[in-house]
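What follows is one structure encoded as structure tokens, with my remarks underneath.
To find a chain, count down the sequence lines: A is the first, B the second, and so on, and within it residues start at 1.
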Amino acid sequence: MDKGIIAIYEALLDAYGPQGWWPVAGSYHQGDYGYPRNEKEAFEIIAGAVLTQNTAWTSVERALENLRGIDALDPHKILTLSLDVLKSAIRPAGFFNQKAIYLMEMADFFVGLKGRTPSRKELMSVKGVGNETADSILLYAYKRPEFVIDAYTKRIVTSLGLAERKAGYMELKNLFESNLPGDVALYQEYHALLVEHAKRFYSGKARESSGVFVDFLRDLSY
DNA sequence: TCCCAGGTCTATG
DNA sequence: CATAGACATGGG
């Protein structure tokens with residue numbers, strides 16, 4: 001048991017306040033963990049989870065807006081589109097050739113669920129859904145207590161000495177889940193806070209000086 | 001001009 | 001198992 005995991009959460013929440021992830025219906029909803037409120041919003045989160053793979057969220061927003069513009073932020077509608085139309089809509093999000101295929105398959109998978117919550121294993125069987133996308137979908141679209149590990153999170157915990165650089169996804173996921181109560185709102189907020197913190201201290205130029213600056217979390221990671 | 005962004009897949013050893 | 005290369009647009 002590593003109390004640092006909880007101490008870090010408290011320090012981040014204190015520093016940044018509630019983040020209000022995941023953006024739904026085009027906007028953030030700080031401190032409101034009630035989303036999604038229907039199937040359509042759930043699919044919007046799922047589409048965003050696929051589109052944001054290795055891509056800045058501002059680019060994802062453009063793609064989502066394009067889809068919304070042709071009323072295609074909807075799995076049934078996506079299934080009626082040609083691959084080329086889908087590609088041109090999501091173009092701003094990059095990797096559009098493969099993401100169009102991923103979205104098409106995800107739409108088919110989602111419709112086939114008929115409202116049922118998929119298992120992690122089922123999600124991972126869909127092309128384009130790896131560990132992080134599966135957990136993001138389960139945590140934010142289905143409100144299941146699955147901790148999301150992204151590149152930012154890994155940078156932070158390895159930098160703080162809480163994990164080895166070679167640590168795999170499941171190892172890091174377990175580090176958080178074994179030290180926290182399985183609470184959906186907590187998992188959502190914690191992940192969002194880690195991203196916010198990493199954007200300030202561990203991304204872009206800040207990353208280069210990561211050996212120089214002092215992360216205020218360092219003393220908490222015992 | 002070059003690096004980066006809320007990863008995943010495929011091929012190779 | 002683990003690691004490299006491919007995938008693509010937009011902002012700093």
Side-chain angles (χ1 to χ4, degrees), chain A residues 9 12 16 18-24 26-30 35-36 44-67 83-107 109 120-142 146-159 163-173 176 187-210:
Chain A
Y9 172 73
L12 288 172
Y16 304 127
Q19 296 304 296
W21 265 32
W22 185 283
V24 178
S27 57
Y28 290 85
H29 306 275
Q30 273 197 348
Y35 291 86
E44 177 180 332
I45 292 172
I46 290 170
V50 170
L51 291 171
T52 198
Q53 291 170 1
N54 204 44
T55 301
W57 186 257
T58 50
S59 297
V60 176
E61 286 182 318
R62 287 197 188 90
L64 289 175
E65 193 49 45
N66 288 344
L67 288 173
L83 211 47
D84 281 343
V85 168
L86 186 53
K87 284 180 184 177
S88 67
I90 67 172
R91 169 177 281 268
F95 302 129
F96 56 83
N97 287 305
Q98 48 186 347
K99 284 178 180 174
I101 294 170
Y102 296 169
L103 274 185
M104 197 64 87
E105 300 207 355
M106 181 55 78
F109 174 76
R120 193 172 191 279
K121 189 182 230 176
E122 280 180 293
L123 273 171
M124 297 270 297
S125 74
V126 179
K127 188 176 301 254
V129 179
N131 280 308
E132 183 184 340
T133 305
D135 285 333
S136 292
I137 289 172
L138 287 168
L139 180 61
Y140 291 103
Y142 290 103
E146 303 282 350
F147 205 91
V148 177
I149 303 296
D150 56 22
Y152 287 148
T153 302
K154 182 167 185 177
R155 273 182 222 166
I156 292 175
V157 296
T158 57
S159 173
E164 302 284 305
R165 192 188 60 79
K166 63 172 187 181
Y169 186 95
M170 295 308 287
E171 188 180 337
L172 296 171
K173 177 177 165 74
F176 284 91
Y187 282 17
Q188 291 187 355
E189 192 57 63
Y190 202 158
H191 174 224
L193 286 165
L194 285 167
V195 172
E196 176 59 25
H197 184 62
K199 279 182 174 172
R200 300 188 188 210
F201 291 90
Y202 291 85
S203 65
K205 278 192 228 170
R207 180 156 51 156
E208 298 163 20
S209 56
S210 58

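Atom CG in A:N66 sits roughly 13 Å away from atom C1' in C:dG10 (whole-Å rounding). In this structure, A:K199 places its NZ atom 15 Å from P of C:dG11, rounding to the nearest Å. For the pair A:E171 CD and C:dA2 C1', the interatomic distance rounds to 14 Å; values are reported in whole Å. Between the CZ atom of A:R200 and the P atom of C:dG12 there is a distance of 17 Å, rounded to whole Å. Here the P atom of nucleotide B:dA5 and the NZ atom of A:K99 are 14 Å apart, to the nearest Å. Put simply, CZ on A:F95 is 7 Å from P on C:dA8, counting in whole angstrom units. If you measure from atom CE of A:M106 to atom C1' of B:dG7, you get 13 Å, rounded to the nearest angstrom. Rounded to whole Å, the distance from CZ on A:R91 to P on C:dT9 is 5 Å.
In this structure A:Y102 satisfies the side chain to side chain donor-acceptor pair (under 3.5 Å) test together with A:Q98, sequence neighbours excluded. Residues satisfying the side chain to side chain donor-acceptor pair (under 3.5 Å) test with A:E65, not counting sequence neighbours, are A:R68. Under the side-chain contact (heavy atoms from CB on, under 4.5 Å) criterion, A:A49 pairs with A:W22, A:T133, A:S136, A:I137, not counting sequence neighbours. Shown here are the side-chain contact (heavy atoms from CB on, under 4.5 Å) partners of A:P36, two or more places apart in sequence or in another chain: A:E41, A:A42, A:I45, A:K143.
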Distances for protein N/O vs nucleotides 9-13 of chain B N/O pairs under 3.5 angstrom?
residue : atom : partner : partner atom : Å
B:dC9   : OP1  : A:G128  : N            : 2.9
B:dT10  : OP1  : A:K127  : NZ           : 3.0

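Comparing C:dG10, B:dA5, B:dG7 by their closest approach to the side chain of A:D150 singles out B:dG7. Each of B:dG7, B:dA5, C:dA8 was ranked by its minimum atom distance to the side chain of A:R155; first place goes to B:dA5.
Residues A:L123 and A:F109 have side chains in contact (heavy-atom distance under 4.5 Å, counting atoms from C-beta outward). Looking at heavy atoms from C-beta onward, A:L103 lies out of side-chain contact with A:F96 at the 4.5 angstrom threshold. At least one side-chain heavy atom of A:M124 sits less than 4.5 Å from a side-chain heavy atom of A:N131.
Each of A:T55 and A:K166 was matched to the nucleotide of DNA chain C holding its nearest heavy atom; the match closer to the 5' end belongs to A:K166.
Heavy-atom distances under 4.0 Å link DNA chain C to A:S59, A:R62 of residues 57-64 of chain A, given in residue order.
Across the C1' atoms, C:dG11 and B:dT8 are found 23 Å apart, a figure rounded to whole Å.
A:T133 has a side-chain polar atom (N or O) that falls below the 4.0 Å cut-off from OP1 or OP2 of B:dT8. At B:dT8, none of the side-chain N or O atoms of A:N54 fall inside 4.0 Å of OP1 or OP2 (strictly under the cut-off).
Residue-level contact check: A:A192 touches neither bases nor backbone, having no heavy atom under 4.0 Å from any strand.
Shown here for A:M170 and A:R120, the closest heavy-atom pair between the two residues is SD-NH2, 3.8 Å.
Taking the centre of each ring, A:F176 and A:Y187 stay at or above the 6.0 Å mark.
Of the residues listed (A:W21, A:Y140, A:Y152), the one engaging A:H191 in a side-chain hydrogen bond (donor to acceptor under 3.5 Å, both in side chains) is A:Y140, and it is the only one.
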